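Computed from a predicted structure; not experimentally measured. Throughout, protein chains are lettered first and strands after them, A, B, ... in sequence-line order, and every chain is numbered starting at 1.
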Number of protein chains: 2
Amino acid sequence: METYLVLFTFLGAVIALLFAGFTAKRVLKFSEGTEKMQKISKSIRQGANAYLKRQYSVVAIFFAGMFVVLCVMAAFDLLTWFVPFAFVTGGFFSGLSGFIGMKIATLSNARTANACREGLNRGLRVAFSAGSVMGFTVVGLGLLDISVWFFILKFIFKLDPSTITTTMLTFGMGASSMALFARVGGGIFTKAADVGADLVGKVEAGIPEDDPRNPAVIADNVGDNVGDVAGMGADLYESYVGSVISASALGVSAFGGDIKAMAVPMLLAAVGIIMSIIGTFFVRTGESIDQKALLKALRRGTNLSAVVIAIIALPVVWFVLGKESLGLYGAIIAGLLAGVLIGFSTEYFTSDTYKPTKKLAATSETGSATIIIGGIGLGMKSTAVPIVIVAISVLCAFFLSGGGAATESGLYGIALAAVGMLSTLGITLATDAYGPVADNAGGIAEMSGLPAEVRERTDALDSLGNTTAATGKGFAIGSAALTALALIASYIEKVKTVNPDASFDDFSLMNPVVLIGMFVGGCLPFLFAALTMESVGRAAQSIVIEVRRQFKEITGLMDGKADPDYASCVDLCTKSSLREMVLPTIVAVVTPIAAGLILGYQGVVGLLAGATVTGFLIAVFMSNSGGAWDNAKKYIEGGAHGGKGSEQHKAAVVGDTVGDPFKDTSGPAINILIKLLSMVSIVFAALVVKFHIF
Amino acid sequence: METYLVLFTFLGAVIALLFAGFTAKRVLKFSEGTEKMQKISKSIRQGANAYLKRQYSVVAIFFAGMFVVLCVMAAFDLLTWFVPFAFVTGGFFSGLSGFIGMKIATLSNARTANACREGLNRGLRVAFSAGSVMGFTVVGLGLLDISVWFFILKFIFKLDPSTITTTMLTFGMGASSMALFARVGGGIFTKAADVGADLVGKVEAGIPEDDPRNPAVIADNVGDNVGDVAGMGADLYESYVGSVISASALGVSAFGGDIKAMAVPMLLAAVGIIMSIIGTFFVRTGESIDQKALLKALRRGTNLSAVVIAIIALPVVWFVLGKESLGLYGAIIAGLLAGVLIGFSTEYFTSDTYKPTKKLAATSETGSATIIIGGIGLGMKSTAVPIVIVAISVLCAFFLSGGGAATESGLYGIALAAVGMLSTLGITLATDAYGPVADNAGGIAEMSGLPAEVRERTDALDSLGNTTAATGKGFAIGSAALTALALIASYIEKVKTVNPDASFDDFSLMNPVVLIGMFVGGCLPFLFAALTMESVGRAAQSIVIEVRRQFKEITGLMDGKADPDYASCVDLCTKSSLREMVLPTIVAVVTPIAAGLILGYQGVVGLLAGATVTGFLIAVFMSNSGGAWDNAKKYIEGGAHGGKGSEQHKAAVVGDTVGDPFKDTSGPAINILIKLLSMVSIVFAALVVKFHIF
């Protein structure tokens, strides 16, 4: 039976990739529009490609260094020889996911703008199709990587299940490292360009957003692609792969090495892909620019996929593991439901159709200080709901899958909940990745002077993209928390293979080493958020200076008689974001190893738990504050509280500017951080168990 | 010997109170100055008294309710009958500490202003003496409460040591509840008045701070007293008492019920009082308005006290517990040192003589958004240093006191570290409480039209007060973290007395109930910060509307021909802060009980640990961000980056306004929160052990 299970997983991966390929071909058949549109799109594409090429060359140095370190460890028998290679593969595929997503996004922006000239539904279809290419590339590559490695380790090298899973967790570490570079680097790029362009263009010079006279406008559009597309692609590749392999690893210990328990998460992922593909065919809308109708169009696809997966998971679990394991089905449903509910909660706190964001917009009446206080309060308060949702789903997953009798089964259940939550990733990612495409399309429409109705349509699509992005973020955070818990459990399993005396009781909160680990771990997300925010600040400042210089030195620029030097801004963003992304990533990789060498494996577990808790809280807080500020500004621009140009609007712009690095740089990077910490700990477990001070 | 130990503690308390009394008498001999100054001081005093009276009547309802609940629990044998009374005593003394401190502060503000007419040193002596009255009242009442209860329980009712300590922990809960009300209510009052006065006065009407035409100016000065004095007094009473009794409780379990181990923390506290009194005599300065010289004057007193305590603690431990327990001396020193180092770190991050705040001031060049991002980044980054300091001191305290062999001894060591840190409280609190007095003196000097040189002197004192306040906050947070850890250990001891099967191993991080408790607990400080910030926002908004109304409706107000209606603003602040303080306190009391009834005692320990970690982080983050914004603004007002009135200054004012509730409402309240959660859990432990779902 094992062979068939692997084959089915492999098949799921191939179907996803084929679907992505066909969809890409269909998108590329659309016209890119006028010559001007083509020219602008090409500049964006070139900037994005140039950035990515340089990013990969920096990342390559890191990977080469880590490869050597891992080889040395393998030479000292602290790892198997598969590990260095698995690490590099994970990084490669994660980067490839981002690259393909960005490629198609930059090829679709002008096409979406052009399709919007003909109608809203046509625009939606092009943008959503581009998003689908990205979504299914990510899940397809993820599952391909998993199934091929599994096949090699199991059927060629005939390793035992436990060695297979710990080796596979290593490519999780590769994927996470790559994802962190992509998220942090891309996040700094996009927000430095955005903040820099706004501060000088909108605030100082008083020209509208996406105005072609602004030298940072192309950099801003490039940023959407390298941050929100390439960064997100690498990020979710990592989430997806991480959740599946950590569940497989825990399945091995829960079912005493039974390969079938290992296969269940992979099968679920494969089933999820097929159901997500079906869901995409149900996304279509009419011609009215009505946010609710548009949102309904997208939701129809995702909800349908979720329902069908919920139904089909039952026979899958029953068939593979037997009737007595049906509690695990409960765990999967707990995860799926939690994902949906966290999405709702995010929408409630960040969409201007609900009270919190409306109230936030009202605080602009007393100036920028009160809207900042209000937004921070809103974000902090909003953490309570997803915390309770995650808590309940963890409890359900644990106890439904038999954790009361055997802790290992319960932990496997928690990991399966994460897989359940991410099983619809193909389509949810499509609805998420379509946002930046629509955003770019709007920029192109503005810059190439298309009629106002086109811009209205792209704006409608873009605004919807903000809502789906917020939902997507809630989803990413929720799955990160569950996956991180599963990875902590996997870490302990790994420690046990090296030190059989280790037990669950080592990790008592009354062990001061565990407590101190928790304090240090809890601090990491704060430190990480601070580092990334400061990076954005520094990078934005350099853009501000450059834009001011161009406004002053290029004669005729403001009258539209001379072109600004777009490339210099793109180059500046590239350089500063690549310089700034190194330190945070090094902190993430080095801290758990250093903590382990000082505090031992007990301290590492404390560190991971502390980082997961505060990481989840900070990520939710920052994403929701940022989303709410963004939408409060949009709400005011829609005419409330004085509308565009009023003092209230200026206050809201301050809020939005603060929110930019919150929601698009620091917040999302923390999701990756908490998983990368665990992955690094797992890979270096043997070292830490053998050498430590306390 | 026991009798002598108690006697010595009692003596320490009496000496502190006598010293406070004499100092108060000396302060009151100074003149209050001109008739106008007397009138203003009287208005402030009346407003503060009126507020406190109404606050106590609201708090009385809560205490009456809790008293009934505790009596019912005693009737069902879930508590001893001492508990309800101990609870009320703790609340009473905590409130009394705040009341006396506020009384003397409001009697000294005009006296300080008047003394500043004669010279800087004279002004410093008056303000610092007022602070000393407060400092020694707090420690005196705290130690009195402890020694009298100990005497009653031990020598009259002849209870066993374990019952004595758990009963005494109950008055900790009373003190914490009172402190939370005082901190939250006072914090909302002071910041609502401050923000409201600034937003309309400074920003909209363009009149200077403390201008008598501003209707909210008296409320602002009242706020300094009810928030920064009465609130802080109740707060530190609670910290002090909490640290001593939790150490006593852990001493009982570490030394098998030996009463001497219980007495050591009390003795240390008594020794600390005497050394602190000696330290106060070394606080004096010259006549140059030089911040460094002034700071040195204050530091001379605190450092001297710390050094002498460090020396004398050695014979105390040796004499009482014998040579074999000298490791505990190491724990005390670890705590003392950690307190000093955290103070330095706070100063580094928030004083404008160092790089971080200078760099923050520079971000004002690109507007309010960048200074907000910069300040949040600074605060988040600054958490790393105190976390490492606390981690190292916990490790040292634990292992030096023999925690490697017996966990209980190590936990006792951690608790003693907290006592060591707080042993200098008498004098550190004096340097802290002097700040609001100087602030008020400045307001009175401005309002009564004293010559510019007087205002210069009060400004110098006030500015120094900002630095000592920041140091004091770092100190309060550090001791709160250590005390909270000790209280968690005390909770587990208490659980063991009800359920002897409970063990340290119940609290493994791999127990999902513990993990979920951590998530929920971790969320509480976020929720709490959000609730208190929103309260400030709402209350400030109502002040803004009232001040605007007065500016519009009272003719001749802006020309100085008519007086504003100060009382209506004071009344508005009083009403809204009392209304707003209830919900956060209820959340703090109800959550640990509810969590316990659902998740059991294992979940409660997770909750307490999670709340301690994120509470510490959020408190440091918010205090340091707020302090840095405040001083960045002052730095710009001193002439840097365009100086007063420039665009940069406006940006810095936005930062300062956001920082106000950060550093004076939410941040400090969280210190109390994390201890109150543990105290409540301890009192309700028997209930939770008997009834819970999971």
Checklist line | Pairs meeting criterion side-chain hydrogen bond (donor to acceptor under 3.5 Å, both in side chains) with involvement of residues 512-533 of chain A, two or more places apart | finding: A/Thr532-A/Ser666
Note to self: For residues 615-622 of chain B, give me every residue with a non-hydrogen atom less than 4.5 Å from any non-hydrogen atom of chain A.
What the structure shows: B/Phe616, B/Leu617, B/Ile618, B/Phe621
Next item on the list: Identify the two heavy atoms, one from B/Ala530 and one from A/Gly377, that lie closest to each other, and give their separation to 0.1 Å.
Entry: CB-O, 3.2 Å
Next item on the list: Enter the distance from B/Leu378:CG to A/Met533:CE here, rounded to the nearest 0.5 Å.
Entry: 10.5 Å
Check: Do the side chains of A/Val536 and B/Ile373 get nearer than 4.5 Å, heavy atoms only?
Finding: no
Notebook entry, point to check: Should B/Val520 and A/Val388 count as side-chain neighbours, where that means a heavy-atom distance under 4.5 Å?
Noted result: no
Next item on the list: Measure distances from B/Phe662 to the heavy atoms of chain A and classify the residue's part below 4.5 Å as side chain, backbone, both or neither.
Entry: side chain
Item checked: Pairs of heavy atoms under 4.5 Å with chain A: top-ranked of B/Ser368, B/Gly522, B/Ala391, B/Pro512 -> B/Pro512
Margin query: Taking side-chain contact (heavy atoms from CB on, under 4.5 Å) as the criterion, tell me which of B/Val658, B/Ile376, B/Thr657 meets it with A/Ile372.
Written below: B/Val658
Margin query: I need the residue from A/Val654, A/Ile392, A/Ile516, A/Asp656 with the largest number of non-hydrogen atom pairs under 4.5 Å to chain B.
Written below: A/Ile516
Next item on the list: Hey, could you give me the CD/CD distance between B/Glu365 and A/Gln541, rounded to the nearest 0.5 Å?
Entry: 8.5 Å
Notebook entry, point to check: Using non-hydrogen atoms only, which part of A/Val200 is less than 4.5 Å away from chain B: side chain, backbone, both, or neither?
Noted result: neither
Check: Is any side-chain heavy atom of B/Leu515 less than 4.5 Å from a side-chain heavy atom of A/Leu485?
Finding: yes
Next item on the list: Quick one: do A/Leu509 and B/Val514 satisfy side chain to side chain contact (heavy atoms under 4.5 Å, CB included)? Show the steps, please.
Entry: CA-CA 9 Å; A/Leu509 282 174; B/Val514 174; 3.7 Å; yes
Next item on the list: To the nearest 0.5 angstrom, please state how far the OG1 atom of A/Thr370 sits from the CZ atom of B/Arg538.
Entry: 13.5 Å
Note to self: Is the shortest side-chain heavy-atom distance between A/Leu527 and B/Met380 below 4.5 Å?
What the structure shows: no
Notebook entry, point to check: Measuring from A/Glu534:CD to B/Lys359:NZ, what's the distance to the nearest 0.5 Å?
Noted result: 6.5 Å
Checklist line | CE-CZ distance between B/Met510 and A/Phe398, expressed to the nearest 0.5 angstrom | finding: 9.5 Å
Next item on the list: For chain B, find which of A/Leu395, A/Val544, A/Thr407, A/Thr614 contributes the most heavy-atom pairs closer than 4.5 angstrom.
Entry: A/Leu395
Note to self: At a 4.5 Å cut-off on heavy atoms, which part of B/Leu599 comes close to chain A: side chain, backbone, both, or neither?
What the structure shows: side chain
